Trainee: 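Starting off with a structure, shown below.
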Amino acid sequence: MRYSDYFIHTLYEVPKEAETPSHIFLLRGSYIHPVAAGVYSLLPLGHRVAEKIKNVLREELNAIGGMEITMPVLNPAELWKKSRRYYDIGQELFRIKDRKDRDFVLAMTHEEVVTEIGKQFLRSYRDLPVMIYQIQTKIRDEARPRAGLLRVREFFMNDAYSFHTDFEDLDAYYPRIFNAYLRIFTRCGLKSIPIEADSGIMGGTGSHEFMLESPYGEDRFVLCSHCDYRANTEKAVGLKLPPEGLPNVPPPMRPVPTPNVKTIADLMKRFDSGEDHFLKTVAYEADGELVLAVIRGDFTVSTTKFTNYLKATKLEFASEGLLSSKGLFPGFLSPVGVKDIRIVFDSSVGEGIPFIAGGNEPDVHLEHVVSGRDFFVKEMTDIAEVREGDRCAKCGQGVLQIRRGIELGHTFKLGTKYTAQDSMDVTYLDANGGHQRVIMGCYGIGVERLMASAVEQWHDAGGMMLPIGIAPFEVILCALGNKPEVAQMADEIHKELTPRYEVIYDDRDESPGVKLKDADLLGIPIRVVVSQKLLKEGKVEVKVRRSGEVTICLRAELPALLEKIVAELQPCLDGLPYMPE
RNA sequence: CGGGACGUGGCUCAGCCUGGUAGAGCGCUGCGUUCGGGACGCAGAGGUCGCUGGUUCGAAUCCAGUCGUCCCGACCA
């Protein structure tokens with residue numbers, strides 16, 4: 001392919017809307033073009049990258065028995081009402097009407113459609129298990145698209161769905177998709193870290209996210225300095241060690257006047273005590289019901305964990321009005337003496353430990369409040385935000401560190417969320433002729449986000465350094481100078497390499513500096529240079545974009561050298577943190 | 001949804017404060033020179049100054065509204 005015939009229009013300057021490296025370089029390299037906030041055209045180069053990623057996805061998913069299908073973006077609202085998601089999802093779901101005023105949605109994911117397919121065709125245990133997937137457009141009305149392709153409103157998603165006879169079968173299948181994901185990211189040149197993810201109602205090890213560590217990531221996850229524990233902060237649990245210097249026998253509870261002392265900071269001054277000696281009681285309104293969360297003062301309530309525990313659709317802080325209608329006073333809340341209000345305790349609230357808590361009347365706090373003596377715990381779970389430096393709960397030795405990451409993919413044991421009777425009610429007949437509920441898993445990867453992530457991981461000041469598995473071309477051939485013999489040799493090499501590699505041949509009438517800068521910006525993994533200087537000695541130059549390594553070889557040695565370099569650039573699929581199958 | 005910034009040729013920006021009818025660099029077209037890290041000369045094309053309304057003899061410039069884009073936060077099946 002000749003550069004002069006191809007659609008490449010690099011930009012010298014940084015477009016002002018771009019701040020992250022992937023956004024900057026994909027725009028400057030004319031890989032993508034913005035259409036609206038979070039909506040992009042993929043230009044020929046970007047399109048080629050996306051197609052390569054799609055092919056990697058197809059190869060790996062076909063290899064584990066997946067079958068590709070295509071489902072529509074346009075979905076009747078009825079389908080989404082059956083699963084309740086029509087009501088549960090907020091503004092992120094695009095809702096439209098057709099000419100007859102019937103309600104439709106633009107699918108943001110395809111559980112409803114695929115489950116309906118399963119319901120229609122998977123009647124017998126003999127039909128299971130089965131995995132079907134697609135690579136198709138997803139539409140989401142994101143509140144805030146950002147960072148170019150990292151968070152967009154329309155994108156290609158590879159979404160895969162598996163159907164199983166029971167949880168055991170799903171558990172047995174899960175490692176295959178997990179391992180396929182590891183191979184996919186590695187083949188796309190991405191260093192993915194699988195972490196335990198928030199799995200909502202499923203619990204356990206039902207869900208993993210594959211993260212690329214990056215300062216531009218929107219997610220946070222913890223990793224243990226000692227063991228292999230890695231988890232999203234929405235799920236991660238650290239050890240909650242009891243405060244030090246506690247009396248063996250706590251003194252009796254007593255009220256202390258505390259006018260105008262409301263915040264933990266004020267209280268610490270007033271009582272000359274550390275944060276971990278206080279009980280923090282936070283009032284929430286969960287789907288209209290007042291619920292109190294009680295947690296030790298040095299922790300923060302995680303709204304994600306708390307929402308999941310309550311199985312609530314909507315969780316907000318309780319209004320002062322709601323509190324006072326129940327006879328409670330903001331700033332002076334505590335679990336002591338509260339009746340007929342649901343109270344959830346975080347596991348940091350240890351029994352027998354004296355705390356300072358609100359007095360449940362204005363301007364009064366209580367000292368030496370002890371769980372199991374002065375109040376009683378009915379519901380206790382982990383609802384605390386994990387903290388940097390917390391001791392690892394898994395090994396007890398390491399320290400948890402918090403990192404930012406880009407979510408590359410997500411695997412999820414859905415269970416019966418969509419096949420349940422009150423959802424879409426999908427059953428099959430088992431060997432005994434009995435009705436059994438179908439169990440599902442779902443798995444997703446965003447194609448454009450992978451493209452952007454690859455640039456985030458692989459760039460330098462001069463531009464992209466694309467992994468060979470997804471680069472739009474494997475080789476860029478630069479003919480430097482205007483001498484006819486150089487062009488002649490470059491033409492010859494172009495003809496010779498084209499059957500074996502994807503080559504973009506920079507035949508433009510541009511100065512050497514322009515060509516070399518563009519080659520760097522575009523991030524093609526291997527650059528071959530033909531110039532008069534080299535030609536005099538019968539030589540050509542080969543440079544590896546990523547390492548910067550330059551080799552000058554005889555013209556005749558070029559094919560062998562390229563073969564060697566291309567082999568070296570292939571990602572290694574050994575030694576990944578595979579899950580035993 | 002809350003906070004902030006910005007909208008002027010394809011790109012990056014100046015001009016706005018202090019109103020008088022639009023400029024630079026890059027890119028683009030043609031001709032010539034140059035050729036290993038964004039060369040140069042000459043000639044040229046290209047702008048409803050986001051949009052609407054107001055003030056004014058006169059608005060890119062002042063005022064109001066509106067739309068759009070980006071950043072931080074909230075949100076994120």
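Keep in mind that this is a model prediction, so the values were computed, not measured. The figures that follow rest on heavy atoms only: side chains count, while hydrogens, waters and symmetry mates do not.
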Trainee: In whole Å, I'd like the distance from the CG atom of A:L535 to the C1' atom of B:G36.
Mentor: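 A:L535 atom CG is separated from B:G36 atom C1' by 14 Å.
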Trainee: So does A:R95 pair up with A:D141, basic N to acidic O under 4.0 Å?
Mentor: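 No salt bridge links A:R95 with A:D141.
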Trainee: Among the candidates B:U12, B:G38, B:G36, find the nucleotide nearest to the side-chain atoms of A:K517.
Mentor: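 Closest of the options to the side chain of A:K517: B:G38.
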Trainee: May I ask you to decide whether A:K235 forms a salt bridge with A:D382, counting only side-chain N to carboxylate O separations under 4.0 Å?
Mentor: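 Here A:K235 does not pair with A:D382 in a salt bridge, since their nearest N and O are not under 4.0 Å apart.
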Trainee: Output a table of nitrogen or oxygen pairs between the protein and nucleotides 67-75 of chain B separated by less than 3.5 Å.
Mentor:
| from | atom 1 | to | atom 2 | distance (Å) |
| --- | --- | --- | --- | --- |
| B:U69 | OP1 | A:A37 | N | 2.7 |
| B:C71 | OP1 | A:A147 | N | 3.2 |
| B:C72 | OP2 | A:R144 | NH1 | 3.2 |
| B:C72 | OP2 | A:R144 | NH2 | 2.9 |

Trainee: Where the side chain of A:V514 is defined as all heavy atoms beyond and including C-beta, which of B:G38, B:C35, B:U12 is the nearest nucleotide?
Mentor: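 Of the candidates, B:G38 comes closest.
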Trainee: Quick one: are A:S30 and A:L45 in side-chain contact, heavy atoms under 4.5 Å?
Mentor: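 Touching, per the 4.5 Å side-chain cut-off.
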Trainee: The side chain of A:R527 is closest to which nucleotide in this list: B:G37, B:C35, B:A77?
Mentor: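 In terms of side-chain proximity for A:R527, the closest of B:G37, B:C35, B:A77 is B:G37.
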Trainee: Report yes if a donor N or O on one partner sits less than 3.5 Å from an acceptor N or O on the other, where the partners are the side chain of A:S531 and the base of B:G36; otherwise report no.
Mentor: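 Under the 3.5 Å cut-off, the side chain and the base do form a donor-acceptor pair.
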Trainee: Rounded to the Å, how far apart are A:K515 NZ and B:U34 P?
Mentor: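 Whole-Å distance recorded here is 16 Å.
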Trainee: Is it true that A:D219 and A:R404 have a side-chain N and a carboxylate O under 4.0 angstrom from each other?
Mentor: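 No, A:D219 and A:R404 are not salt-bridged.
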Trainee: Looking only at the side chain of A:S511 (C-beta and beyond, no hydrogens), which of the listed nucleotides B:A39, B:U12, B:U34 gets closest?
Mentor: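 The nucleotide sitting nearest to the side chain is B:A39.
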Trainee: Got a sec, which pairs hit salt bridge (Lys or Arg N to Asp or Glu O under 4.0 Å) with one end in residues 546-557 of chain A, sequence neighbours left out?
Mentor: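 Listed once each, the pairs are A:E492-A:R555, A:E496-A:R555.
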Trainee: Can you identify which nucleotide, out of B:A77, B:G37, B:U34, has its nearest atom closest to the A:L516 side chain?
Mentor: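 The nucleotide sitting nearest to the side chain is B:G37.
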Trainee: Please state whether the base of B:G36 and the side chain of A:E541 form at least one donor-acceptor pair under 3.5 Å?
Mentor: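 By the distance-only test, yes, there is a pair.
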Trainee: Between OG of A:S207 and NE2 of A:H410, what distance do you get to the nearest 0.5 Å?
Mentor: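 So the OG of A:S207 and the NE2 of A:H410 are separated by 2.5 Å.
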